[in-house]
Amino acid sequence: MGEINSAYILSTEHRPNFSSFIKVDKIPIIDLSQTSQENLISDIGKACEEWGFFHIINHGVSSDLINKVANETKKFFQLSMEEKKKLRRDAVNATGYHDSEHTNLTKDWKEVYDCLINEGIQYPCTDDPNDLELWTLKNHWPQSLPHFRETIAEYGEKLEKLSFKLLELISLSLGLSGDKFFDCFENQLSLVRLNYYPPCPSPDLALGIGPHKDPCVLTIVAQDDTGGLQVKNNSVGGWVPIEPIPGALVVNVGDVFQVWSNDKYDSAIHRAVVNSQKERYSYPFFFFPGHDVMVKPAEELVSEQGLAKYKPYNFGKYYSNRTRHDFNKEKVAGKEIHDFKISD
Ligand SMILES: O=C(O)CCC(=O)C(=O)O
Ligand SMILES: [Fe+2]
């Protein structure tokens, strides 16, 4: 076992136990090209209900584009630390390079690069409800990689389109109209993230990213063939690896959909383990609403179920609180959707 910096070392109960992973072949694979729209909607609804995670195939994002993203990502993370740090994230602009992300106050074994698909979008300066001032957000582009920007922008554009398709299908699976939430994306804060997980000498002591739920509406992830992403599933009793399938993308339900669905769908807890042999790359797209959106359970589902399970929250204020405190590595209230839960 090698030596790693103590900032990465998890407390005993949070360490991944490699002998306890539960291999199942049940993570649903949804073929988006299937002819029956009815079957497609019902398969997606079942996958959201049972796992909150599924693979998609025939999704329309070419392997050629994903290979180009992979090449640019590799080149990006190979830049000198001096160059990467010039593109560093700060407390306001949660975009750019970052190598000290923490989940649950322990450092993640990874480097990341984030960029907004809509550069110039606005976002609250603070989480104070009385402070109405907005920042204009910008990306940090590496000047020394001539094809990086256009490649990542093209990837963002394709995944945004696919996200709208999934949004429509998931809404229909809840019995809502397909375009029910489309307006929420006028000022969308959606992000492309590039994740680089270097080989780790002690993969049993650290995690690439610790257990978390995604705060967005939904996430789509392209991953390389290394493996490491896992979902927690209580009905099978533990951590289930999401094995990479060549050409497939992974989709997971985010916190906003959990609230919109009034808990019919769960934003599943997931994490990424690392290994001592091989680096891993993944390329998530986080589909976020605009800062001005009030997130609350869909009224159709509230009337059906007889009660709303969440208090409404302003997405921009919530996200600003979360980003600032994550940056400062502070644990505070109002960072998780359970903080808005109405106890039943
Ligand atoms: O690396 C992955 O496969 C997923 C990473 C992830 O969960 C995240 O960045 O939120
Ligand atoms: Fe995630």
Side-chain angles (χ1 to χ4, degrees), residues 14 16 21 27 48 51-56 61 66 69-70 73-74 76-77 89 94-104 106-117 152 155-156 159 163 166 189-200 203 206-233 239-258 265-275 278-288 319 322-323 326-327 335-337:
H14 292 119
F21 301 161
I27 304 287
C48 290
W51 288 94
F53 260 83
F54 52 94
H55 296 277
I56 48 173
V61 183
I66 293 174
V69 170
T73 301
K74 212 166 259 180
F76 176 81
F77 287 110
R89 163 181 169 179
T95 57
Y97 175 74
H98 199 43
D99 68 349
S100 68
E101 188 124 82
H102 287 60
T103 313
N104 307 321
T106 306
K107 197 168 178 184
D108 295 329
W109 190 270
K110 68 168 182 190
E111 294 179 39
V112 299
Y113 174 84
D114 282 339
C115 74
L116 295 154
I117 64 160
I152 304 305
Y155 182 66
L159 288 209
S163 296
L166 291 163
L189 291 157
S190 299
L191 282 177
V192 171
R193 169 168 295 176
L194 309 175
N195 280 315
Y196 165 51
Y197 305 96
C200 173
L207 282 166
I209 179 166
H212 67 284
K213 289 155 76 87
D214 290 344
C216 51
V217 172
L218 58 88
T219 306
I220 307 177
V221 188
Q223 57 172 332
D224 69 10
D225 60 4
T226 308
L229 176 61
Q230 300 188 327
V231 58
K232 193 168 186 192
N233 186 286
W239 288 102
V240 178
I242 311 275
E243 303 285 0
I245 298 177
L249 296 169
V250 176
V251 178
N252 64 276
V253 171
D255 287 346
V256 173
F257 238 133
Q258 178 171 334
Y265 297 160
D266 208 24
S267 155
I269 297 177
H270 56 285
R271 68 181 185 184
V273 297
V274 282
N275 74 81
K278 198 168 173 235
E279 59 193 9
R280 173 171 182 259
Y281 294 93
S282 68
Y283 323 101
F285 176 83
F286 300 108
F287 195 37
F288 279 111
Y319 198 51
R322 190 176 163 112
T323 309
D326 277 354
F327 185 81
K335 266 182 61 186
E336 306 289 342
I337 48 167

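These numbers come from a predicted model, not from an experiment. Counting convention: from 1, in listed order, for ligands and their atoms alike.
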Taking C-beta and beyond as the side chain, do [X] and [Y] meet within less than 4.5 Å on heavy atoms?
| X | Y | result |
| --- | --- | --- |
| I242 | Q230 | no |
| V231 | W51 | yes |
| I220 | V250 | no |
| K110 | I209 | yes |

Which one of T219, I117, L189 satisfies the side chain to side chain contact (heavy atoms under 4.5 Å, CB included) criterion with F286?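 Of all the options given, the one that passes is T219.
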Where does [X] meet ligand 1, judged by heavy-atom distances below 4.0 Å: at the side chain, the backbone, both, or neither?
| X | answer |
| --- | --- |
| I209 | side chain |
| R271 | neither |
| D214 | side chain |
| H270 | side chain |

Looking only at N/O atoms, are K110 and ligand 1 under 3.5 Å apart anywhere?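 There is no such contact.
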N or O contact, H212 vs ligand 1, cut-off under 3.5 Å: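 Yes, since at least one N or O of H212 sits under 3.5 Å from an N or O of ligand 1.
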What residue and atom, counting heavy atoms only, is the protein's closest point to atom 4 (C) of ligand 1, and at what distance?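 Checked against all protein heavy atoms, atom 4 (C) of ligand 1 sits closest to L229 CD1, 3.8 Å.
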Is it true that E111 and Y97 share a donor-acceptor pair across their side chains at a distance under 3.5 Å?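 Side chains of Y97 and E111: pair found under 3.5 Å.
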Looking only at side-chain N and O atoms, does D255 offer a donor or acceptor that is under 3.5 Å from a partner on S267?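 Distance-only check passes for S267 and D255.
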What class does the angle between the rings of Y283 and Y281 fall in, given that below 30° is parallel, 30 to 60° is tilted and above 60° is perpendicular?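 Taking Y281 first and then Y283, their aromatic rings lie parallel (interplane angle under 30°).
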When the ring planes of Y319 and F288 are compared, do they come out parallel, tilted or perpendicular, using 30° and 60° as the limits?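 The rings of Y319 and F288 sit tilted, inter-plane angle from 30° to 60°.
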For R271, is there an ion pair with D108 - N to carboxylate O distance below 4.0 angstrom?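 Salt bridge flag = no for R271 with D108.
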Taking a cutoff of less than 4.0 Å between a non-hydrogen atom of the residue and any ligand atom, is R193 in contact with ligand 1?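 Per 4.0 Å heavy-atom rule, R193 contacts ligand 1.
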Excluding waters, which protein N, O or S atoms are within less than 2.8 Å of the Fe ion (ligand 2)?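 H212 NE2, D214 OD1, H270 NE2, with waters left out.
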